[in-house]
There are 2 protein chains.
Amino acid sequence: MEIATGIRKKYPVPMIRRLPSYLRIIKSYSYGGIEYISATDIANELGYDSVKVRKDLALTGVCGKPRMGYKVDELIRAIRSIVGWDKNSEAVLVGTGCLGSALLGFTGFSRRGINFAAAFDVDPHKIGMTVHGHTVMPMRGMKNFITERKIEIAVLTVPADAAQETVDILVDAGIKGIWNFSPAILKVPARVVTQNENLMSGLAVFMVKMATESV
Amino acid sequence: MEIATGIRKKYPVPMIRRLPSYLRIIKSYSYGGIEYISATDIANELGYDSVKVRKDLALTGVCGKPRMGYKVDELIRAIRSIVGWDKNSEAVLVGTGCLGSALLGFTGFSRRGINFAAAFDVDPHKIGMTVHGHTVMPMRGMKNFITERKIEIAVLTVPADAAQETVDILVDAGIKGIWNFSPAILKVPARVVTQNENLMSGLAVFMVKMATESV
DNA sequence: CGGTTATCGATATTTTTATATCTATCACGA
DNA sequence: TCGTGATAGATATAAAAATATCGATAACCG
């Protein structure tokens with residue numbers, strides 16, 4: 001629909017963040033051979049309000065049937081299309097430390113169409129090592145690799161103080177988006193998309209919740 | 001201030017999420033021997049609007065001086081107090097897979113007062129292994145360990161299908177808060193705090209941004 | 001076949017968050 | 001010593017998101 005016509009809606013970020021949870025539940029219905037799922041069903045599973053879920057689902061463009069809910073396979077297709085998990089893309093991972101290695105071993109990415117074409121690191125001791133099936137390559141080969149293979153996505157798991165210099169190489173190589181797991185704020189040209197995952201933000205919220213709850 | 005009097009403000013979650021970034025920058029000023037930092041400084045570093053930063057800083061209770069900014073050490077103390085990084089707490093980590101191991105190796109937690117007292121796993125092959133200085137212990141000893149050591153925090157890095165049964169043990173043992181890295185939605189009593197970190201939410205937002213940008 | 005009811009979809013309201021505007025302050029340089 | 005201007009802090013406005021309300025629909029049941 002929106003993809004076919006070339007029109008792209010603007011989706012609210014909070015809604016996008018909820019889509020993967022929705023998808024997970026809808027898929028479990030699909031595996032169970034259930035054909036319809038209602039906003040109420042999803043809301044109950046997630047502890048959300050059903051109106052919120054219904055509004056989100058309305059944005060996917062899928063029409064529901066009163067008293068029945070939404071067709072499970074339609075929802076799955078629509079959500080996967082919105083979050084781009086219906087097509088394959090190649091990525092590089094930069095920085096094979098603890099977190100980088102963990103991400104390389106995470107099977108969830110390939111199931112969502114994200115495949116690691118290579119992993120890079122500066123540490124000479126790591127070069128040539130195999131991490132979850134991926135051979136670690138030296139950083140100096142990265143630029144050419146990205147350019148030649150037309151890689152669009154980089155997952156950045158280098159230490160904060162190495163982040164910007166790494167990013168400069170990535171940008172120079174023509175990368176389109178950087179999924180940044182370092183706490184550093186990246187300076188990139190406007191055409192390059194960045195998405196910051198800040199583990200410490202989550203910890204902060206968690207700790208504040210804990211303190212508030214225990215009053 | 002708010003801690004001393006026992007009064008706890010309600011902080012907006014988006015503001016809490018920004019605090020760690022603020023702290024990081026303010027600390028860099030502190031290391032540089034700079035005594036004052038302005039909202040404008042922080043805003044420039046992060047690409048934010050200075051008014052937003054100023055409003056956030058106002059909520060910390062620290063007073064700024066016109067033309068000078070805020071005292072660096074006061075801000076650091078205030079933010080650390082709000083996010084609870086000024087005191088120590090013990091945690092257990094459950095599930096020593098890729099992500100669990102990565103978190104065990106992450107030094108950032110101890111620097112923020114979170115110390116892993118133990119790591120648990122069900123896999124017999126992993127029991128007794130040392131992961132980043134932590135010996136993996138069998139799951140069946142977990143409940144007593146938590147109860148006896150009065151552990152309040154659990155970091156949950158088990159697969160989704162094992163999440164709820166693990167959580168039941170944690171709750172039974174008297175855990176106060178669960179930092180959940182599994183995609184499962186946890187059912188816990190109201191007194192138990194949960195904080196869900198959903199990697200796929202971030203990926204979804206990232207992919208949507210990429211698709212939107214490339215139009 | 002007709003009433004009942006769960007559900008959708010639309011609309012309205014409230015709350016939260018972000019952004020803009022304005023005034024007072026006070027370090028700094030002339 | 002006196003403007004100047006960067007900055008805090010307060011207030012006002014706008015935007016975004018969550019939540020509530022309500023009529024319409026159609027499967028289900030008697």
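Just so it is clear: chains get the letters A, B, ... in the order the sequence lines come, proteins before strands, and each one is counted from 1.
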Starting from the 5' end of DNA chain D, give me the residue, A/Val13 or B/Cys63, whose nearest nucleotide shows up first. B/Cys63

Between [atom2] of [N] and [atom1] of [X], the distance in whole Å:
| X | N | atom1 | atom2 | answer |
| --- | --- | --- | --- | --- |
| A/Arg17 | D/dA17 | CZ | C1' | 15 Å |
| A/Lys52 | D/dT19 | NZ | C1' | 9 Å |
| B/Tyr36 | D/dA8 | OH | P | 12 Å |
| B/Tyr48 | C/dA20 | OH | P | 16 Å |
| A/Asp56 | C/dA10 | CG | C1' | 16 Å |
| A/Asn44 | C/dA6 | CG | C1' | 12 Å |
| A/Asp49 | C/dT13 | CG | C1' | 14 Å |
| B/Leu59 | C/dT16 | CG | P | 14 Å |

Lys NZ or Arg CZ of A/Arg112 over A/Trp85 ring: under 6.0 Å, within 45°: yes

Where the side chain of [X] is defined as all heavy atoms beyond and including C-beta, which of [options] is the nearest nucleotide?
| X | options | value |
| --- | --- | --- |
| A/Pro66 | C/dT7, D/dA17, D/dA8 | C/dT7 |
| A/Pro14 | D/dG9, D/dA17, C/dT17 | D/dA17 |
| A/Val51 | C/dT19, C/dA10, D/dG9 | C/dA10 |
| B/Arg54 | D/dT4, D/dA8, C/dC8 | D/dA8 |

For a quick check of understanding: with a heavy-atom distance under 4.0 Å over all strands, which category does A/Lys55 fall into, base, sugar-phosphate or nothing? base

Using a 4.0 Å heavy-atom cut-off, does A/Thr40 contact any base of the nucleic acid, only the sugar-phosphate backbone, or nothing at all? sugar-phosphate

Over 12 non-hydrogen atoms of neighbours within 6.0 angstrom of NZ in A/Lys209: yes

Just one of B/Lys65, B/Glu35, B/Arg77 clears the side chain to side chain contact (heavy atoms under 4.5 Å, CB included) bar with B/Lys71, so which one? B/Glu35

For C/dG9 and A/Tyr70 - does any side-chain N or O of the residue sit under 4.0 Å from the phosphate oxygens OP1/OP2? yes

Confirm from the modelled atom types if A/Arg67 and C/dT5 form a donor-acceptor pair under 3.5 Å, side chain to base only. yes

Could you go through the side chain to side chain contact (heavy atoms under 4.5 Å, CB included) check for B/Ser182 and B/Thr157 one step at a time? CA-CA 6 Å; B/Ser182 90; B/Thr157 47; over 6 Å; no

Classify the ring geometry between B/Phe109 and B/Trp179 as parallel (under 30°), tilted (30 to 60°) or perpendicular (over 60°). perpendicular

